[in-house]
Undergrad: 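Dropping a structure here in structure tokens format, bear with me for questions.
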Protein chains: 2
Amino acid sequence: MTPPMDAMQATLYPSETSRVMAVLLQIARALEKRLEEGLEMVDLSVAKYSAIKHLALAGEPLALSELASRMVCVRSNITQLMGRLETDGLVQRVEDPRDRRCVRAELTPLGRERHAAGAKRVRQVQDEMAETLCGLDCAVLERALAALK
Amino acid sequence: MTPPMDAMQATLYPSETSRVMAVLLQIARALEKRLEEGLEMVDLSVAKYSAIKHLALAGEPLALSELASRMVCVRSNITQLMGRLETDGLVQRVEDPRDRRCVRAELTPLGRERHAAGAKRVRQVQDEMAETLCGLDCAVLERALAALK
DNA sequence: GCCCTACTGTACATATATGAATGACCGCCC
DNA sequence: GGGCGGTCATTCATATATGTACAGTAGGGC
């Protein structure tokens with residue numbers, strides 16, 4: 001589960017902007033919860049799924065730094081996550097003979113299977129959400145996101 | 001900082017729903033980051049601000065269970081957060097003579113000041129966001145949120 | 001060839017969340 | 001009035017994030 005944290009969700013500053021921010025944060029929270037619940041059925045967390053998704057997408061072992069970069073998080077986070085993924089048998093660390101600083105993350109066969117199962121669950125959640133989200137204007141949202149970054 | 005976790009942010013399932021979900025999650029992430037940065041300037045995290053905001057709103061000491069309920073999180077989280085808030089001198093635990101199971105959280109004078117400072121920062125972030133978010137249709141977002149819950 | 005800088009992954013401290021288990025306490029029913 | 005079930009906060013284990021500090025390695029400039 002991702003944190004709640006409703007700094008915006010209340011009624012202290014009921015301007016329109018405040019309300020929009022609050023609703024956006026709550027929607028994101030609800031979406032993450034759906035994803036978590038879907039992935040939980042195949043023994044994956046959002047973090048773990050994200051990692052094996054990037055590895056599956058890459059099609060080859062990735063340096064942990066590269067994985068951190070693609071997951072938009074710090075390296076020390078990947079160090080920990082890799083530990084849990086190795087414990088689960090989904091990923092293994094492999095040395096890079098060309099650069100001995102490097103450790104690469106490689107999907108195991110089980111990891112590949114699990115990724116497929118997770119992807120199926122994610123697609124299912126998306127299907128369930130389609131009707132709910134179809135009223136939103138994707139282009140407008142994308143413009144907002146671009147302005148926000 | 002709130003987790004990144006981009007299960008949806010990629011390109012594997014580029015259906016419209018998937019894209020909308022990805023953008024929503026990224027927008028929320030960016031918003032939280034702005035809030036965190038704003039609150040950081042007054043030595044507050046989003047979690048801490050949320051707690052003292054609820055206490056200020058309530059206008060009286062709240063039982064930790066009640067605070068957990070209002071913050072939509074579990075009690076053990078509040079136990080930890082209260083420890084950090086007490087260390088910061090923003091809040092203190094007070095006993096409830098009428099129910100000795102109860103511990104109530106009471107804002108200190110410093111906590112009240114800090115809440116005011118945090119609220120100012122949050123309003124500032126909202127002002128900065130107003131233009132970016134004004135294109136979004138609040139009513140549509142609210143309908144989506146209602147359907148999601 | 002050697003040194004300096006930059007990059008790699010990891011270890012550690014910390015913040016934030018969850019859930020399960022525990023012990024204290026309340027209120028009610030008989 | 002005594003027991004019993006439910007509620008309270010805390011503790012513990014765990015997952016997920018961050019940032020700092022560190023040791024090892026790579027690689028370029030001299």
Side-chain angles (χ1 to χ4, degrees), chain A residues 1-7 25 28-29 32-33 35-37 39-40 43-51 61-69 71-88 90-106, chain B residues 1-7 25 28-29 32-33 35-37 39-40 43-51 61-69 71-88 90-106:
Chain A
M1 276 291 298
T2 287
M5 291 307 96
D6 58 338
L25 291 175
R29 188 157 136 58
E32 284 230 33
K33 192 166 182 189
L35 281 173
E36 275 157 14
E37 286 166 357
L39 288 170
E40 202 178 337
D43 280 308
L44 283 174
S45 63
V46 174
K48 287 176 179 173
Y49 174 68
S50 178
L62 290 180
L64 301 197
S65 273
E66 177 58 27
L67 185 55
S69 168
M71 291 178 67
V72 195
C73 70
V74 298
R75 282 177 319 210
S76 58
N77 194 8
I78 298 298
T79 297
Q80 300 175 76
L81 185 53
M82 278 297 295
R84 294 188 292 269
L85 287 168
E86 280 193 321
T87 299
D88 292 352
L90 305 179
V91 163
Q92 63 184 61
R93 282 175 165 89
V94 293
E95 293 179 8
D96 182 336
R98 282 188 295 261
D99 184 342
R100 294 199 302 167
R101 293 171 302 181
C102 252
V103 176
R104 296 185 170 273
E106 179 171 39
Chain B
M1 276 292 297
T2 286
M5 292 306 95
D6 59 339
L25 292 175
R29 187 158 137 59
E32 285 230 32
K33 193 166 182 187
L35 281 173
E36 276 157 14
E37 286 166 356
L39 288 170
E40 202 177 337
D43 281 307
L44 283 174
S45 63
V46 173
K48 286 176 179 174
Y49 174 69
S50 178
L62 290 180
L64 300 197
S65 272
E66 177 59 25
L67 185 55
S69 168
M71 291 179 66
V72 195
C73 69
V74 298
R75 280 180 318 219
S76 59
N77 194 10
I78 299 298
T79 297
Q80 300 177 76
L81 185 53
M82 279 297 294
R84 294 188 291 270
L85 287 168
E86 281 195 313
T87 298
D88 292 351
L90 305 179
V91 162
Q92 63 183 52
R93 284 174 164 90
V94 292
E95 293 180 8
D96 182 336
R98 282 188 297 260
D99 185 343
R100 292 199 302 165
R101 293 170 302 179
C102 254
V103 176
R104 306 189 99 90
E106 180 172 37

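Treat the numbers as computed from the prediction; the structure is a model and nothing was measured. Residue numbers start from 1 in every chain, and the chains themselves are labelled A, B, ... in the order their sequence lines are given, proteins ahead of strands.
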Undergrad: Between C1' on dT18(D) and NZ on K48(B), what's the gap in Å once rounded to a whole number?
TA: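 Whole-Å distance recorded here is 14 Å.
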
Undergrad: Could you pull out all residues at least two apart from R100(B) that satisfy salt bridge (Lys or Arg N to Asp or Glu O under 4.0 Å)?
TA: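 If we apply the salt bridge (Lys or Arg N to Asp or Glu O under 4.0 Å) test to R100(B), skipping adjacent residues, there are no hits.
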
Undergrad: How long is the gap from CG on L90(B) to NZ on K48(B), to the nearest 0.5 Å?
TA: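 Those atoms lie 7.0 Å apart.
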
Undergrad: In whole Å, I'd like the distance from the CZ atom of R98(A) to the C1' atom of dG24(D).
TA: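 In whole Å, dG24(D) C1' and R98(A) CZ are 20 Å from each other.
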
Undergrad: Could I get a table of every N or O pair under 3.5 Å where one atom is in the protein and the other is in nucleotides 3-6 of chain C?
TA:
none

Undergrad: Just jot down the salt bridge (Lys or Arg N to Asp or Glu O under 4.0 Å) partners of D43(B), sequence neighbours excluded, or say none.
TA: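 Here no residue qualifies.
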
Undergrad: Once you round to the nearest 0.5 Å, how far does CG of L44(B) lie from OG of S50(B)?
TA: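 Here the rounded value is 11.0 Å.
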
Undergrad: List in chain and number order the residues that pass side-chain hydrogen bond (donor to acceptor under 3.5 Å, both in side chains) with E66(B), two or more places apart in sequence or in another chain; answer none if no residue qualifies.
TA: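 By the side-chain hydrogen bond (donor to acceptor under 3.5 Å, both in side chains) rule, E66(B) matches R70(B).
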
Undergrad: For E36(B) and dT14(C), what is the distance between atoms CD and C1' respectively, to the nearest whole Å?
TA: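 Rounding to the nearest Å, CD of E36(B) and C1' of dT14(C) are 15 Å apart.
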
Undergrad: Looking only at side-chain N and O atoms, does S65(B) come under 4.0 Å of OP1 or OP2 in dA9(D)?
TA: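 Yes, within the criterion.
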
Undergrad: Quick check for you: among dA9(D), dT16(D), dT18(D), whose closest atom lies nearest to any side-chain atom of C73(A)?
TA: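 Nucleotide nearest to C73(A)'s side chain: dT18(D).
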
Undergrad: If you round to the nearest 0.5 Å, how far is CG of L62(B) from CD of E106(B)?
TA: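 Result: 10.5 Å between the selected atoms.
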
Undergrad: Between P on dA17(C) and CE on M71(B), what's the gap in Å once rounded to a whole number?
TA: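 Interatomic distance, CE of M71(B) to P of dA17(C): 6 Å.
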
Undergrad: Taking the side chain of V74(A) as its heavy atoms from C-beta onward, which of dT25(D), dT16(D), dT18(D) lies nearest to it?
TA: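 Given the options dT25(D), dT16(D), dT18(D), the side chain of V74(A) is closest to dT18(D).
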
Undergrad: Check whether any side-chain heavy atom of K33(A) sits under 4.5 Å from a side-chain heavy atom of R29(A), and report yes or no.
TA: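 In short, these two side chains do not touch, never coming nearer than 4.5 Å.
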
Undergrad: Whole angstroms only, please: what is the CD-C1' distance between E40(A) and dT14(D)?
TA: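 The distance from CD of E40(A) to C1' of dT14(D) comes to 14 Å, rounded to the nearest Å.
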
Undergrad: Is R100(A) close enough to dG24(D) that one of its side-chain N or O atoms is under 4.0 Å from OP1 or OP2 there?
TA: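 R100(A) to dG24(D) OP1/OP2: no side-chain N or O under 4.0 Å.
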
Undergrad: List in chain and number order the residues that pass salt bridge (Lys or Arg N to Asp or Glu O under 4.0 Å) with E86(A), two or more places apart in sequence or in another chain; answer none if no residue qualifies.
TA: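 Applying salt bridge (Lys or Arg N to Asp or Glu O under 4.0 Å) to E86(A) gives R93(A).
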
Undergrad: Once you round it to whole Å, what is the distance between C1' of dT18(C) and CD of E32(A)?
TA: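 These atoms are roughly 14 Å apart.
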
Undergrad: Measuring from R101(A):CZ to D96(A):CG, what's the distance to the nearest 0.5 Å?
TA: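 Between R101(A) CZ and D96(A) CG, I get 10.0 Å after rounding to 0.5 Å.
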
Undergrad: Can you see if the side chain of N77(B) gets near the phosphate of dT18(C) - specifically, an N or O under 4.0 Å from OP1 or OP2?
TA: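 Yes, within the criterion.
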
Undergrad: How many whole angstroms separate atom NZ of K33(B) from atom C1' of dA17(D)?
TA: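 The answer, rounded to whole Å, is 13 Å.
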
Undergrad: With the criterion being N/O to N/O and under 3.5 Å, what pairs connect the protein with nucleotides 10-13 of chain D, and how long is each?
TA:
from: dT10(D); atom 1: OP1; to: R93(B); atom 2: NE; distance (Å): 2.7
from: dT10(D); atom 1: OP1; to: R93(B); atom 2: NH2; distance (Å): 3.2
from: dT10(D); atom 1: OP2; to: T79(B); atom 2: OG1; distance (Å): 3.2
from: dT10(D); atom 1: OP2; to: R93(B); atom 2: NH2; distance (Å): 3.1

Undergrad: OH of Y49(B) versus P of dT16(C): gap in Å, rounded?
TA: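 To the nearest whole Å, that distance equals 16 Å.
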
